[in-house]
Number of protein chains: 2
Amino acid sequence: MSERASYFLKALIERYIRDGQPVGSRTLAKDTGLDLSPATVRNVMADLEDMGLVTSPHTSSGRVPTVSGYRLFVDSLLTVQPLAEQDINACQTELAAAADVTTLVDTASRLLSSITHLTGMVMVPRCERDVFHQIEFVPLSGTRLLVILVTGAGEVHNRIVYTDHTYTPAQLVQAGNMLTAMFSGQDLHTVRQQLLDDLEQTHQHVDQLMRQVLQLAQQVLVTAEPKDHLLVSGQTNLMEFDELANIERLKALFAAFTEKHQLLDLLDRCIAAEGVQIFIGDESGYALLDDCSLVTATYRVRGQVLGVLGVIGPTRMNYQRVIPVVDVTARLLAAAFGQQSSCSIV
Amino acid sequence: MSERASYFLKALIERYIRDGQPVGSRTLAKDTGLDLSPATVRNVMADLEDMGLVTSPHTSSGRVPTVSGYRLFVDSLLTVQPLAEQDINACQTELAAAADVTTLVDTASRLLSSITHLTGMVMVPRCERDVFHQIEFVPLSGTRLLVILVTGAGEVHNRIVYTDHTYTPAQLVQAGNMLTAMFSGQDLHTVRQQLLDDLEQTHQHVDQLMRQVLQLAQQVLVTAEPKDHLLVSGQTNLMEFDELANIERLKALFAAFTEKHQLLDLLDRCIAAEGVQIFIGDESGYALLDDCSLVTATYRVRGQVLGVLGVIGPTRMNYQRVIPVVDVTARLLAAAFGQQSSCSIV
DNA sequence: GGTTAGCACTCTTATTGTGGGAGTGCTAAA
DNA sequence: TTTAGCACTCCCACAATAAGAGTGCTAACC
């Protein structure tokens, strides 16, 4: 593929991203600044079309990038402009203001959507949510108990359970202390497994209280896991784009935003990737996102991946701007978590 | 207003609600079953138009109800059909499965939206969230403390705070116990006020620890109040309706659903009303809801209003069905809270 | 007096036709 | 290799037309 052809492709895509109209030969000829006639440009465009990089909606319109065209663009043509220093600082202070994990993740998500004018998504960090820290039992009235489970850097899960007996406050405190001592710092999954094993083994030779308590702990652990692990914000931003302004499509998209598990699956697939990853149009594999692109990045502390964040928008999004934003946000979020966990409980 | 005229109005509105098209004289003549000619019906419709109860979008279409028309309809013409026994039971079991306040409210909201195919909203109950039950301080690493505040029937608010000193676990437990003993069962607002007073008074003659602890408690109380007090679900249902299928309008609506405070204001105004209350079109006062209606009901336990719930949908909604659904859901939710709080901590 | 048939009228909606504009592909010449 | 020229295609906006739905009004009917 010729030098010039790719230059034209770049110009065409940039133009198309700017104003959303198919780009004709005359316009493109002016845009490149090469002082070539439209006819020449037409020849090049015909070549690009043969290569499957652009296409025309109908015989006499301009050209529009195809998925392969965008792919080539983001892989090798694109010149990312780094974020302005002040923007970075603004993000940093916003993130610094967030006290606990959830608000931190929420802030990051809102930053993503407000800066890019697209929809932002942030996964709640894995390790934060997966480490057992402390458990407590608070007596409510009757046979009801409030079980409070503290994980990671201060996430609190709570659940009301119903018991067979009533316990004295002292018994409950003791039980909490014991479990905390046994499991603190361990992986939630391990803890669950071990609880199950213990329930098996302690069949006879441990007192009834212990058995009950293990069962209660088991109950709250179950609910602690499948919580809302994805924060989405700025959904309404997608309504601005003409290419998505179709009630059917929007309805499907919004349903996915409330359902979330499809998005989580998708993000999960990015977890192995280094740095920023991009899905263009149907590359995601979800028909739902055929007219959308997804830009994601993992955020990691000391080499360990905590989670994934990203934005979702129309394929015709400003990649040059979105990519650095996602990249920087991931780094800043990682840094924020790094500070938290450098003095963490684990 | 004649007997017959109101009968025609009722028929017209029911027809319009059914298929969303302006109703013409011929159609209405058939619908009523009175064996009258279209010409006669036209005379009646002209009267209804003079009274401002119906209007025609243009000279030669059928008639469409106005806000006043709907108002008359819901106030005196409407025949509500009670909910099927089995539907009620289904709701009841769903609600019974919810353990804590948040899931209860969330379930109610989802029930509303799934049964009516509209958007459901439920306010988190006031008293549940406003009563101080227990406070605990969990040491994290460094100078960070996790403050856990339990309110009402088991809502848990938590926040990480930074302290000047490090405290021993024993001190923290003691502090928690003391505060719990002091304030348990009291109104959050009162507690806050009292904390402030105490901070003033204990200026000299109480030890430093106490002072610090009061400040920490103050911090978590502040965040406990302005939390998410409204659960909305089924937003996407509104996309089904032709009369709302307009990107601009939907965008504004969805923005309100994420913002929530406008809706909360509106619901707050219903809190004084007995039973089911209805806002039709511009009656709500929000231009945003000009093409929508809102059906709300308060839910109360032993005479005391806990909160408000309701649905939002196009003015052309099936009031005959929606009204009993909202009514019943409110009662069932109240009952669910009644069971909880009959053995409650307060 | 309420009810009805008849009729002219209005307005919407769908269809068709028309012309202009934008852009293309191809060919032949520079 | 580049360019000008030209015929061609397709979209789009606009007008014209016809059909259909429904109205208001009048005059006659029971």
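Sequence lines set the chain letters: A, B, ... in the order given, protein chains first and strands last, and positions in each chain run from 1. Below, all heavy atoms of this structure are taken into account, side chains as well, without hydrogens, waters or symmetry copies. Bear in mind the structure is a predicted one, so any value in this text is a computation, not a measurement.
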If you compare every side-chain N and O of [X] against the phosphate oxygens of [N] (OP1, OP2), does one of them come in below 4.0 Å?
X	N	result
B:Arg63	D:dG24	yes
B:Ser25	D:dT23	yes
B:Arg42	C:dG2	no
A:Thr40	D:dT2	no

Can you tell me the distance, in whole Å, between the [atom1] atom of [X] and the [atom2] atom of [N]?
X	N	atom1	atom2	answer
B:Asp50	D:dG24	CG	C1'	12 Å
B:Leu48	D:dT23	CG	C1'	15 Å
A:Asn43	C:dA28	CG	P	15 Å
B:Asp47	D:dG24	CG	P	10 Å
B:Arg26	C:dA5	CZ	P	11 Å
A:Gln21	C:dA22	CD	P	13 Å
A:Leu36	D:dT3	CG	C1'	10 Å
A:Phe8	D:dT1	CZ	P	14 Å

Beyond-backbone contact of A:Val322 with A:Val311, side-chain heavy atoms, under 4.5 angstrom: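 Yes, side chains in contact.
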
Sub-4.5 Å side-chain heavy-atom contact between B:Leu253 and B:Leu288: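 Answer yes - side chains close enough.
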
Side-chain donor-acceptor pair present, B:Ser2, B:Tyr7, cut-off under 3.5 Å: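 No, no side-chain donor-acceptor pair sits under 3.5 Å.
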
Between A:Ser109 and A:Ser233, a side-chain donor and acceptor under 3.5 Å: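 Their side chains do contain a donor-acceptor pair, which is all the 3.5 Å distance test asks for.
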
Whichever of A:Pro57 and B:Ser61 has its nearest DNA chain D nucleotide further upstream toward 5':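 Here A:Pro57 is the residue nearer the 5' end.
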
From CE (A:Met317) to NE2 (A:His117), nearest 0.5 Å: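 It is 13.5 Å, given to the nearest 0.5 Å.
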
Among D:dT9, D:dG24, C:dT4, the nucleotide that comes nearest once only the side chain of B:Ala39 is considered: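 For B:Ala39, the side-chain atoms sit closest to C:dT4.
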
Nearest-neighbour nucleotide for the A:Glu49 side chain, C:dT3, D:dA4, C:dG25 considered: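 Closest of the options to the side chain of A:Glu49: C:dG25.
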
5' precedence on DNA chain C between B:His58 and B:Asp35 (nearest-nucleotide basis):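 Its nearest nucleotide lies further toward 5', so the answer is B:Asp35.
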
5'-most by nearest nucleotide on DNA chain C - B:Ser60 or A:Pro38: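 By nearest-heavy-atom nucleotide position, the 5'-most residue is B:Ser60.
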
